[in-house]
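Input: a single structure, listed below in structure tokens.
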Amino acid sequence: MESDEVIAQLRGWFNGRLPDGWFTGPVEIVLDREEIAVVGRLSEPSTESEVEKAAQIDGLIRRFREETRERRIEVAREAEHRFRRKVAWGVVCGDETVMFTTLSVPVMTRLRQSERQVLDTLVAAGVARSRSDALAWCVRLVGKNTDTWLSELRDALQHVDRVRAAGPDVGGGKMD
């Protein structure tokens with residue numbers, strides 16, 4: 001889990017580096033070991049019709065993606081060099097969140113027979129094409145259905161990081 005300080009540094013760097021007017025406020029940074037996801041909020045359309053609003057949101061997102069592509073690539077290259085992680089981009093407009101680019105990172109795991117049978121059942125039922133797809137489906141389902149719990153767990157881990165950082169340095173140095 002990354003510290004609040006690292007995320008604040010990234011948010012500050014991106015907010016300082018991105019052109020004015022791209023987003024309605026500061027970007028949100030989502031971070032893991034491999035990737036920095038930069039998500040900004042676009043102006044929400046002001047129309048009464050839900051059908052028109054949905055179409056307008058789609059159009060705004062597509063226009064932003066096309067018009068900012070070259071500049072986003074330039075900023076991403078600079079950030080990747082500086083922070084040693086890949087950069088993904090996304091936007092929020094209305095109730096819609098769209099990620100333009102994200103990494104798909106292989107993750108190895110060991111499963112017992114009963115766990116493999118769950119994956120094989122999903123494959124046999126046509127829910128997934130492979131065990132790998134079935135496992136990704138399970139992770140997405142858990143993430144979706146336990147969002148509050150995962151959020152509380154992440155908050156607790158950040159608290160642990162802050163407490164560790166404030167504690168004594170026990171790096172194994174010699175005592176005199």
Side-chain angles (χ1 to χ4, degrees), residues 1-19 22-23 25-42 61 64-65 68-93 96-112 114-116 118-120 122-123 127-173:
M1 221 14 86
E2 297 294 335
S3 72
D4 292 339
E5 189 174 305
V6 172
I7 292 173
Q9 178 190 16
L10 288 166
R11 187 180 308 109
W13 187 86
F14 277 99
N15 284 321
R17 182 66 180 82
L18 296 177
W22 269 19
F23 303 118
V27 296
E28 176 187 352
I29 301 294
V30 181
L31 189 61
D32 70 9
R33 285 186 247 174
E34 294 86 16
E35 185 175 35
I36 302 165
V38 181
V39 182
R41 182 169 289 281
L42 301 177
I61 291 170
F64 177 84
R65 184 176 188 179
T68 63
R69 177 176 280 124
E70 287 182 29
R71 193 73 184 272
R72 284 185 293 110
I73 290 170
E74 175 187 321
V75 172
R77 283 188 183 136
E78 189 177 329
E80 288 167 5
H81 178 74
R82 180 182 179 111
F83 300 111
R84 305 277 186 241
R85 291 185 177 133
K86 291 291 186 185
V87 174
W89 295 96
V91 293
V92 176
C93 188
E96 188 81 20
T97 300
V98 177
M99 295 302 296
F100 301 148
T101 53
T102 57
L103 289 179
S104 183
V105 178
V107 178
M108 298 297 293
T109 187
R110 296 179 187 275
L111 299 175
R112 300 202 182 280
S114 62
E115 296 160 334
R116 294 189 309 268
V118 170
L119 301 180
D120 292 342
L122 293 171
V123 172
V127 173
R129 294 184 317 246
S130 64
R131 283 180 171 177
S132 177
D133 284 345
L135 188 55
W137 182 86
C138 290
V139 169
R140 284 191 300 272
L141 185 64
V142 168
K144 180 179 175 184
N145 290 317
T146 59
D147 207 26
T148 302
W149 180 80
L150 287 172
S151 183
E152 289 173 6
L153 184 60
R154 287 183 189 108
D155 290 344
L157 288 170
Q158 288 177 347
H159 177 72
V160 168
D161 286 344
R162 285 190 298 272
V163 170
R164 280 186 184 145
D169 182 16
V170 291

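All values derive from a computational prediction rather than experimental measurement.
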Practice task
Enumerate the residue pairs fulfilling side chain to side chain donor-acceptor pair (under 3.5 Å) with a member in residues 96-112, sequence neighbours excluded, ordered by first and then second residue.
Solution key: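 Found none.
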Side-chain contact, heavy-atom cut-off 4.5 Å: [X] with [Y]?
| X | Y | answer |
| --- | --- | --- |
| V105 | R33 | no |
| F23 | V39 | no |
| V92 | L42 | no |

[X] and [Y]: which non-hydrogen atoms are nearest, and at how many Å?
| X | Y | result |
| --- | --- | --- |
| E35 | L103 | OE2-N, 2.8 Å |
| M99 | A88 | CE-CB, 4.3 Å |
| L111 | R116 | O-NH1, 2.7 Å |

Problem - Sidechain-backbone polar pair: R17 side chain, V75 backbone, donor-acceptor under 3.5 Å - result: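 Such a contact is absent between R17 side chain and V75 backbone.
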Problem - Whether R41 side chain and E28 backbone form a donor-acceptor pair below 3.5 Å - result: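 Here the side-chain-to-backbone pair does not exist.
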Problem - Aromatic plane relationship, F83 with W13 - under 30° parallel, 30 to 60° tilted, over 60° perpendicular - result: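 Ring orientation, 0 to 90° scale: perpendicular.
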Practice task
For A76, enumerate each residue passing the side-chain contact (heavy atoms from CB on, under 4.5 Å) test, keeping only those at least two apart in sequence or located in another chain.
Solution key: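 Per chain and number, A76 pairs via side-chain contact (heavy atoms from CB on, under 4.5 Å) with E80, V87, W89.
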Please tabulate, one pair per line, all N/O donor-acceptor pairs under 3.5 Å involving side-chain atoms of residues 130-144, not counting sequence neighbours.
residue, atom, partner, partner atom, Å
S130, OG, S132, N, 3.4
S130, OG, D133, N, 3.1
R131, NE, D120, OD1, 2.7
R131, NH2, D120, OD1, 3.4
R131, NH2, D120, OD2, 2.9
D133, OD2, R129, NE, 3.2
D133, OD2, R129, NH2, 3.2

Problem - R162 atom CZ: more than 12 heavy-atom contacts under 6.0 Å - result: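 Yes, the 6.0 Å shell around CZ holds more than 12 heavy atoms from other groups.
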Handout entry: Residues, nucleotides or ligands: over 12 heavy atoms within 6.0 Å of E115 CD
Key =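 More than 12 within 6.0 Å, yes.
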Problem - Derivation and outcome, side-chain contact (heavy atoms from CB on, under 4.5 Å), residues E78 and H81 - result: CA-CA 5 Å; E78 189 177 329; H81 178 74; 6.0 Å; no
